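Worth saying up front: this structure is predicted, and the values here are computed from it rather than measured.
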Amino acid sequence: MGIYDWLVIGLFSLALAGIIVRVLRQKNRDSKDYFLGGRDATWIAIGASIFASNIGSEHLIGLAGTGASSGMAMAHWEIQGWMILILGWVFVPFYARSMVLTMPEFLERRYNTGARTVLSVISLLSYVMTKVAVTVYAGGLVFQQVFDIETLWGIDFFWIAAVGLVVITALYTIFGGMKSVLYTSVLQTPILLLGSLVILVLGLKELGGWDEMMRLCGGVAVNEHGDTMTSLIRSNSDAQFPWLGALIGSTIIGFWYWCTDQYIVQRVLSGKNQKEARRGTIFGAYLKLLPVFLFLIPGMIAFALHVKTGSFLPLLPNGSHNADAAFPTLVARLLPAGMKGLVVCGILAALMSSLASLFNSSSMLFTIDFYRKLRPATSERRLVVIGQVATFVVVVLGILWIPVMRSIGDVLYTYLQEVQSVLAPGIAAAFLLGVTWKRASAQGGLWGLVSGMIIGLTRLGAKIYYENTPGAAQTFFKAVFFDTNWLFFCGWMLLVCIAVVVAVSFLTKAPAAEKIQGLVFGTASAEQKAETRASWNRWDIVHTTIILAITVAFYVYFW
């Protein structure tokens with residue numbers, strides 16, 4: 001790192017500090033103001049926040065790592081970002097009419113208090129096992145690689161960087177709330193995009209162009225069925241990414257993440273109205289078309305450079321290349337003075353925006369869905385303080401989970417999607433049937449969530465056990481909960497959860513018409529329908545069509 005790099009980082013820090021100071025001067029009047037920024041966000045802030053919240057270290061490290069290890073296989077999960085459009089067109093009206101603060105609160109309106117509690121528990125578990133652990137781990141790894149420092153003051157620099165990042169981000173999120181997340185995202189998103197674009201261009205230049213990358217990666221077989229690293233659609237007999245399983249699994253995870261996860265939906269709930277919220281999702285969907293090219297392709301470039309030179313990527317103790325080091329290695333080895341500082345700012349932007357959104361969402365879930373339910377008379381100021389304490393606890397648990405995470409996943413992004421594949425089906429079933437089927441009962445929704453949580457945690461526990469127990473006996477339990485391909489398991493799990501919701505619903509009392517009014521298709525009043533219709537025009541349809549056409553073109557090119 002040269003003087004110009006530190007100068008760029010300093011300018012970025014000053015700009016960020018200026019935004020934070022401005023936010024802190026705007027007092028949060030109550031918990032709604034703190035968690036949702038007063039519900040006055042515009043489509044630009046919403047879209048930028050959706051993208052910046054989604055693009056964290058799991059992309060800079062994990063997605064680039066999958067590009068360097070398996071090529072285009074994980075691109076399904078990124079290109080499924082078009083499902084943000086479903087959030088905007090289908091779910092925004094339901095969420096807006098219900099005037100809820102959290103997704104568990106919406107399930108309480110649609111089903112019952114039990115459904116709210118179960119979803120809150122699943123959501124907080126997912127934050128600990130995925131977002132916190134992955135972001136903190138990857139943050140420490142990337143800065144250790146970029147700064148090339150092993151220890152500092154006798155302490156592993158990995159932990160100094162990781163904990164330091166958490167503390168800085170937590171401070172401005174705790175005191176600024178949702179406004180700090182939205183406003184800093186507007187600064188961080190363009191810097192993140194510019195920094196990643198620089199890596200892509202310089203990486204292709206160093207390698208010899210796009211065709212050279214496709215040639216080198218296309219010459220590396222990933223299975224015995226003729227598929228290579230450039231194959232997006234792989235044989236259905238592929239052990240890791242069968243094409244049918246990939247389409248099913250990525251769709252289920254995408255639906256859960258983009259349409260029902262508090263982490264993303266909270267950006268939309270902060271919108272002024274349905275129009276701003278929907279257009280925010282359209283803007284976010286445009287931005288979401290970029291990660292495959294800005295993060296996954298650089299990983300493939302790093303792998304191609306490793307093939308070409310024989311020594312570009314660092315090696316693991318077993319002698320294989322360290323795929324998760326692809327992006328920071330590109331930064332450290334290819335960028336000139338000044339540019340490295342810019343990309344480090346982009347990495348900082350990704351890490352901080354992702355963590356900030358996580359902190360705000362997790363504190364909101366605990367405060368609104370647990371604490372306020374137990375103590376409804378709690379003052380608004382007290383609720384904010386409780387949310388700040390909850391954030392600290394979630395972060396500590398996430399850090400403690402890191403060793404377990406590393407024991408069950410070799411590549412960061414693959415680990416992330418595998419865990420999400422067992423958390424998503426039960427939630428997806430409850431929301432999908434909740435808004436499309438009037439007969440779905442309170443007990444049906446609740447037991448759909450419970451069955452999903454039980455099956456998912458069983459699968460995760462089996463994976464932890466069998467990954468660390470070589471030579472374990474072959475049993476029916478092992479065949480179902482460990483040997484089954486994770487993508488097909490996700491699909492079967494969704495069907496089981498849907499069956500549970502349907503069966504229990506028919507065995508229990510149907511919900512009263514007044515309870516589900518405005519929350520299910522076919523129940524909106526004339527005024528509600530008119531409000532939704534007035535919130536979009538032909539340009540919203542045009543932009544939606546463009547995004548879907550680009551998605552189809554991507555599949556055609558990489559088929």
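Annotation: side chain of Q240 is not in contact with side chain of V222 (no heavy-atom distance under 4.5 Å). T523 has its side chain within reach of V520: a pair of non-hydrogen atoms, C-beta onward, lies under 4.5 Å apart. Put simply, the side chain of T532 reaches to within 4.5 Å of the side chain of R97, judged on heavy atoms. Side-chain contact between I297 and M72 is present, with heavy atoms from C-beta onward closer than 4.5 Å. The side-chain heavy atoms of L433 and V502, taken from C-beta on, include a pair separated by under 4.5 Å. Between Y286 and H543 the shortest side-chain heavy-atom distance falls below 4.5 Å. The shortest side-chain heavy-atom distance between Y111 and F106 does not fall under the 4.5 Å cut-off. P298 places none of its side-chain heavy atoms less than 4.5 Å from the side chain of L294.
Distance CG/D238 to OG/S70: 9.5 Å, rounded to 0.5 Å. Taken to the nearest 0.5 Å, the OG atom of S250 stands 4.0 Å off from the CD atom of Q80. Annotation: the span from Y257 atom OH to I264 atom CD1 amounts to 3.5 Å, rounded to 0.5 Å. A distance of 7.0 Å separates OG1 of T228 from CZ of R234, quoted to the nearest 0.5 Å. Note: L432 CG to I252 CD1 = 10.5 Å, rounded to the nearest 0.5 Å. In this structure, the separation between CD1 on I84 and CZ on F51 is 9.5 Å, given to the nearest 0.5 Å.
Side-chain atoms of R439 come within 3.5 Å of backbone N or O of S505 as a donor-acceptor pair. Looking only at distances, no side-chain donor or acceptor of R110 sits under 3.5 Å from a matching main-chain atom of L519. Checked by atom type and distance alone, the side chain of N223 pairs as donor or acceptor with a backbone atom of D227 at under 3.5 Å.
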Could you check S235 against W243 for side-chain hydrogen bond (donor to acceptor under 3.5 Å, both in side chains), going step by step and ending with a plain yes or no? CA-CA 6 Å; S235 168; W243 71 266; over 6 Å; no
Under the side-chain hydrogen bond (donor to acceptor under 3.5 Å, both in side chains) criterion, do T42 and E276 qualify, and how do the steps go? CA-CA 6 Å; T42 63; E276 295 294 332; 5.0 Å; no
Report the C-alpha distance between W210 and E212 in whole Å, list the side-chain angles of each, state the deciding distance to 0.1 Å, and finish with yes or no for side-chain hydrogen bond (donor to acceptor under 3.5 Å, both in side chains). CA-CA 5 Å; W210 178 271; E212 181 69 359; over 6 Å; no
Q517 and Q528: side-chain contact (heavy atoms from CB on, under 4.5 Å), yes or no, with the steps? CA-CA 10 Å; Q517 198 278 321; Q528 290 172 334; 3.2 Å; yes
Kindly determine whether T251 and M83 satisfy side-chain contact (heavy atoms from CB on, under 4.5 Å), including the steps that lead there. CA-CA 8 Å; T251 300; M83 298 187 82; 4.0 Å; yes
Check against side-chain contact (heavy atoms from CB on, under 4.5 Å), I547 and I550: CA-CA 5 Å; I547 292 167; I550 293 173; 5.8 Å; no
When you look at L423 and L125, which way does the side-chain contact (heavy atoms from CB on, under 4.5 Å) test go after all the steps? CA-CA 9 Å; L423 296 174; L125 281 175; 5.5 Å; no
Verdict with reasoning, Y555 to H76, per ring-ring contact (aromatic ring centres under 6.0 Å, His included): CA-CA 9 Å; Y555 269 97; H76 291 282; 5.6 Å; yes
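A 6.0 Å sphere centred on NZ of K515 holds more than 12 heavy atoms belonging to other residues, nucleotides or ligands. Other residues, nucleotides and ligands contribute over 12 non-hydrogen atoms within 6.0 Å of the CH2 atom of W256.
When all heavy atoms of V92 and A277 are compared, the pair lying nearest together is CG1-CB, 4.0 Å. The shortest non-hydrogen separation linking C259 to V265 is O-CG2, 3.6 Å. When all heavy atoms are compared, the tightest approach of T281 to G88 is OG1-CA, 3.3 Å. For the pair C497 and G426, the tightest heavy-atom approach, listed with the atom from each and the gap, is SG-CA, 3.7 Å. Closest approach of S69 to A323, counting heavy atoms only: CB-CB, 3.8 Å. Scanning all heavy atoms of the two residues, the minimum distance from A428 to L494 falls at CB-CD1, 4.2 Å.
Classification of R279 and D540 as a salt-bridged pair holds, one side-chain N sitting under 4.0 Å from a carboxylate O.
The cationic atom of R278 (NZ for Lys, CZ for Arg) lies less than 6.0 Å from the six-membered ring centre of W89 and within 45° of the ring axis.
F94 has its ring centre less than 6.0 Å from the ring centre of F521. Taking the ring centroids of W258 and W82, they lie at or beyond the 6.0 Å cut-off.
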